[in-house]
Amino acid sequence: MYILSIIRNIYAVLNKEQKTKMLLLQLFFAFSAIVQVVGVASIAPFIGIISNPESIQTSKALSTLYRLGNFQSNEAFITGFALLSIGMIFISNAMNALTLWLQLKFSIYLGFDFQQKLLNNFIRRDYLFHKSTNYNKLISVISADSPRFIYMVLQPYLLMCSQAFVALIIVAGLIFLDPTVALGSTLLIGGAYGATYWIIKKTLKHHGDVITSCSRAAQALLSEAFIGIKDIKLNTLENKYTENYRNISKEGLNSSAYIALSGDLPRFAIETISFSAILFFALFLLKNSSDTANVVSLLSVYALAGYKLLPTMQQVYKSISSLSANGSIVHSLKIDLAEVVAPVAPTDVAPLNTVDAIDLHNIYYQYPNTEAPALNDVSLCFAKGHLNTIAGPSGSGKSTLADIVLGLLTPAQGELKVNQQSALGNNLYAYQRTIGYVPQHIFILDDNVIANVAFGVEKEHIDLAAVNQALIQANAMEFVSKLAQGLETNLGQDGKLLSGGQRQRIGIARALYRNNKVLILDEPTSALDIESEYDIMQLLNELKQKILIVVISHRPAAIKLSDTISVIADGKLVANGNYNELMTSNNYFKSMIEKGFMEEH
């Protein structure tokens with residue numbers, strides 16, 4: 001049964017401690033249900049006493065209470081019994097409120113824990129996972145699916161359990177009074193809700209899947225809209241994006257409305273049928289019984305039972321509907337949480353004191369589900385004191401090679417060595433802690449220059465002298481000093497007001513701040529003008545005696561200023577040497593340079 005599989009998945013995503021808390025919560029629900037029912041049920045005897053005061057003396061239980069309470073008159077007893085009923089109702093409602101508070105507290109605690117676990121799980125996955133996975137989906141799982149699980153699955157499940165206990169106790173009490181009427185009423189109400197659910201359960205699941213799909217699509221569209229705002233403005237695509245978002249939102253909201261209405265609409269019909277049945281039952285009793293007081297007392301019991309049972313059954317049905325509609329996300333969360341993640345690099349591994357050479361021996365790498373290798377038998381050596389450049393057309397394998405040099409991808413065959421030592425285990429971690437990586441597009445924090453250079457360092461631990469030194473080394477201090485507030489100037493979201501050259505210098509300063517021994521730059525000059533490109537390459541030439549530098553580039557100007565050039569094409573090393581050697585001895589390299597750029601051929 002679909003609902004049972006959802007419940008099994010709910011428990012599957014909980015750890016041992018959370019399962020124990022869930023069990024204790026269920027036991028409390030059972031106790032709370034008893035208190036709630038007793039509180040409401042205390043009204044029925046009071047109504048019976050008012051309609052027939054003589055029962056105080058004729059009823060054995062009431063007469064015993066009368067003597068124990070030392071009451072002097074029936075009026076005093078009725079007043080005392082009224083106060084007792086009020087007290088019971090107060091305790092009942094207080095217990096109901098406490099139950100709700102515990103439900104919310106437990107579910108919100110789980111929501112916080114789940115979001116933390118999902119982020120931890122995703123961020124610790126290996127680099128290949130992130131390279132092949134749309135980050136919008138990961139964001140949607142954490143920011144949308146996890147809260148949806150809490151508010152649309154877990155909370156309804158807890159509410160269903162608590163209300164089911166109440167319903168069972170009420171039905172048990174009614175069976176004690178009159179089994180035929182009790183079972184008939186239960187079958188009438190329960191059957192009506194059961195039939196309604198059976199009719200719409202598949203539709204509920206469909207609309208739940210629509211909400212998931214729309215949530216993913218909306219996340220992706222909004223991300224595209226703001227990241228690509230320049231292209232959207234230039235091509236006047238504002239209306240297209242807003243219209244697409246409107247359609248996605250409309251579809252998702254329609255499904256949400258259907259689920260909400262499916263949970264609430266049956267209540268009106270079933271309440272009408274149920275209370276009509278009580279009224280007809282009252283007419284039947286009055287017609288066939290001469291004891292009016294007993295009829296009133298009995299009807300008050302059934303009316304109070306209906307008053308409590310109907311909303312209880314409605315809530316159980318509504319919770320089951322919510323579980324059916326949103327239960328599919330529990331299965332996906334279960335898979336996400338169960339994935340084995342890469343171990344976190346130990347923090348006690350010290351970085352290497354120096355890196356003089358990085359060697360790659362017979363490197364072979366092929367991405368999953370691809371036919372051809374990205375790298376095939378590549379052997380290279382990058383030495384300190386040289387400006388090392390990896391060049392090649394788009395799709396040639398140079399970025400894959402850089403990822404292997406960074407230690408982010410593990411080759412299927414071959415070996416990465418650093419200072420003649422295999423980069424494995426702690427050696428790899430020590431090596432990675434010496435690397436400064438400058439991507440093609442520098443990520444800029446919406447913060448000041450200091451925070452951007454000391455990226456990832458808590459503000460109270462930032463070394464301002466090191467920040468200044470890094471900016472000077474990166475030739476960035478000149479433009480930083482001209483900013484409105486100097487080092488304290490906020491660079492804005494993603495540094496939108498910085499030029500390409502300024503962004504690159506901030507990126508290089510960030511790498512230098514940590515006193516890294518290796519600097520790897522991915523297309524550092526691709527977005528720069530000729531003058532800025534020359535300045536960056538001159539800066540790297542100044543740094544190469546202190547740091548081992550590897551540049552990925554397809555720009556001829558950058559390539560000309562390099563000491564050692566390794567050309568990759570179709571995953572193979574087709575040229576390796578300095579610029580003059582390759583121009584005279586390698587026709588492929590010469591052809592690419594003469595064309596003015598390293599393009600696909």
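Fair warning: this is a prediction, and the values are worked out from it, not measured in the lab.
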### Query
So, does Thr133 use its side chain to make a donor-acceptor pair with the main chain of His130 at under 3.5 Å?
no

- Gly263 backbone acceptor or donor facing Gln314 side chain under 3.5 Å: yes

Just checking, any donor-acceptor pair under 3.5 angstrom between side chains of Ser32 and Thr99?
yes

Practice item. State whether the number of non-hydrogen atoms from other residues, nucleotides or ligands found under 6.0 Å of Met160 atom CE is greater than 12. Key: yes

Test item: Asn235 side-chain N/O and Asp231 main-chain N/O as donor-acceptor pair under 3.5 Å:
yes

- Message: I'd like to know if the side chain of Ser140 reaches the main chain of Asn136, judged simply by a donor and an acceptor atom lying under 3.5 Å from each other, with no hydrogens or angles considered.
- Response: no

Side-chain touch Lys201/Ile320, heavy atoms, less than 4.5 angstrom
no

Of all heavy-atom pairs linking Leu102 and Leu25, the shortest is CB-CD1, 3.8 Å

Separation between CG (Asn244) and CD1 (Ile248), nearest 0.5 Å, reads 6.0 Å

| query | Should the heavy atoms of other residues, nucleotides or ligands under 6.0 Å from NZ of Lys105 be counted, would the total exceed 12? | reply | no

Scanning both residues in full, the closest heavy-atom pair of Gly407 with Gln432 reads O-NE2, 3.1 Å

Tell me, do Leu333 and Val141 make a side-chain contact under 4.5 Å, heavy atoms counted?
yes

_Distance alone, cut at 3.5 Å: any donor-acceptor contact between the side chains of Ser132 and Tyr367?_
no

Could you check whether any side-chain N or O of Ser223 sits under 3.5 Å from a backbone N or O of Gln219, counting only pairs where one atom can act as donor and the other as acceptor?
no

**Asked** Is the number of heavy atoms from other residues, nucleotides or ligands under 6.0 Å of Tyr109 OH greater than 12?
**Response** yes

Q.
Could you check whether any side-chain heavy atom of Ile552 comes within less than 4.5 Å of a side-chain heavy atom of Leu401, counting everything from C-beta outward?
A. no

Notebook entry, point to check: If you draw a 6.0 Å radius around OH in Tyr151, do more than 12 non-hydrogen atoms from other residues or ligands fall strictly inside?
Noted result: no

ask   = Are side-chain N/O atoms of Gln103 and Ser162 paired as donor and acceptor at under 3.5 Å?
value = yes

Would you check if Lys233 and Glu238 make a side-chain contact, meaning some heavy-atom pair closer than 4.5 Å? yes

Side-chain donor or acceptor of Gln155 paired with backbone N/O of Ile150 under 3.5 Å:
no

Could you walk me through whether Met152 and Ile211 pass the side chain to side chain contact (heavy atoms under 4.5 Å, CB included) check?
-> CA-CA 12 Å; Met152 299 298 183; Ile211 291 173; over 6 Å; no

Main-chain N/O of Leu445 paired to Asn452 side chain as donor or acceptor, under 3.5 Å:
yes

Handout entry: Worked verdict on Lys117 versus Val13 for side chain to side chain contact (heavy atoms under 4.5 Å, CB included)
Key = CA-CA 11 Å; Lys117 282 182 178 177; Val13 298; over 6 Å; no

Has Asn254 got a side-chain atom pairing as donor or acceptor with Lys250's backbone, closer than 3.5 angstrom? yes

Taking every heavy atom of Ser262 against every heavy atom of Leu204, the minimum-distance pair comes out as CB-CD2, 3.9 Å

Separation between CG (Leu375) and OG (Ser396), nearest 0.5 Å, reads 8.5 Å

*Taking atom CD1 of Ile229 as the centre, report whether more than 12 heavy atoms of other residues, nucleotides or ligands fall under 6.0 Å from it.*
yes

Taking atom OH of Tyr11 as the centre, does the number of heavy atoms from other residues, nucleotides or ligands within less than 6.0 Å exceed 12? yes

Note: Phe114 and Ser146 closest approach over all heavy atoms is CB-OG, 3.7 Å

- Item | Trace of the side chain to side chain contact (heavy atoms under 4.5 Å, CB included) decision for Ile259 with Ser322 | CA-CA 7 Å; Ile259 294 169; Ser322 185; 5.6 Å; no

Distance col, row Ser321:OG vs Asp264:CG, nearest 0.5 angstrom, shows 9.0 Å

(request) Decide yes or no for His206 and Ser255: does some side-chain heavy atom of the first lie under 4.5 Å from some side-chain heavy atom of the second? (result) no

To the nearest 0.5 Å, atom CD1 of Ile444 lies from atom CZ of Arg503 at 5.0 Å

d(Ile363 CD1, Thr400 OG1) to nearest 0.5 Å is 12.0 Å

Are Gln36 and Ile169 close enough, and set up right, to give a side chain to side chain contact (heavy atoms under 4.5 Å, CB included), and what steps lead you there?
-> CA-CA 10 Å; Gln36 290 179 57; Ile169 293 171; over 6 Å; no

Tell me, with the steps shown, if Glu243 and Lys240 meet salt bridge (charged side-chain N to carboxylate O under 4.0 Å, His left out).
-> CA-CA 5 Å; Glu243 181 65 18; Lys240 178 185 176 182; over 6 Å; no

Worksheet item: Under 3.5 Å, is there a donor-acceptor pair between the side chain of Arg510 and the main chain of Val438?
Response: no

- Task: Look at the aromatic rings of Phe129 and Phe122 and report parallel, tilted or perpendicular, splitting at 30° and 60°.
- Result: parallel

Side chain to side chain, Arg216 and Asn134, heavy atoms closer than 4.5 Å: no

Determine whether Asp209 and Ser328 make a side-chain contact, defined as any pair of heavy atoms from C-beta on separated by less than 4.5 Å.
yes

Between Val38 and Met88, the two heavy atoms sitting closest are CG1-CE, 3.1 Å

Counting neighbours of CZ on Phe31 that are heavy atoms of other residues, nucleotides or ligands and sit closer than 6.0 Å, is the number greater than 12?
no

Heavy-atom closest pair (Tyr365 atom, Ile404 atom, distance to 0.1 Å) is CB-CD1, 4.0 Å

Mark yes when over 12 heavy atoms from residues, nucleotides or ligands other than Tyr245 sit less than 6.0 Å from its OH; otherwise mark no.
-> no

Next item on the list: Determine whether Leu154 and Met22 make a side-chain contact, defined as any pair of heavy atoms from C-beta on separated by less than 4.5 Å.
Entry: yes

Is there a donor-acceptor pair closer than 3.5 Å between any side-chain N or O of Asn120 and the backbone N or O of Gln116? no

- Query: Does any donor atom in the side chain of Ser215 or Asp145 lie under 3.5 Å from an acceptor atom in the other side chain?
  - Reply: no

Distance col, row Phe226:CZ vs Tyr241:OH, nearest 0.5 angstrom, shows 11.5 Å

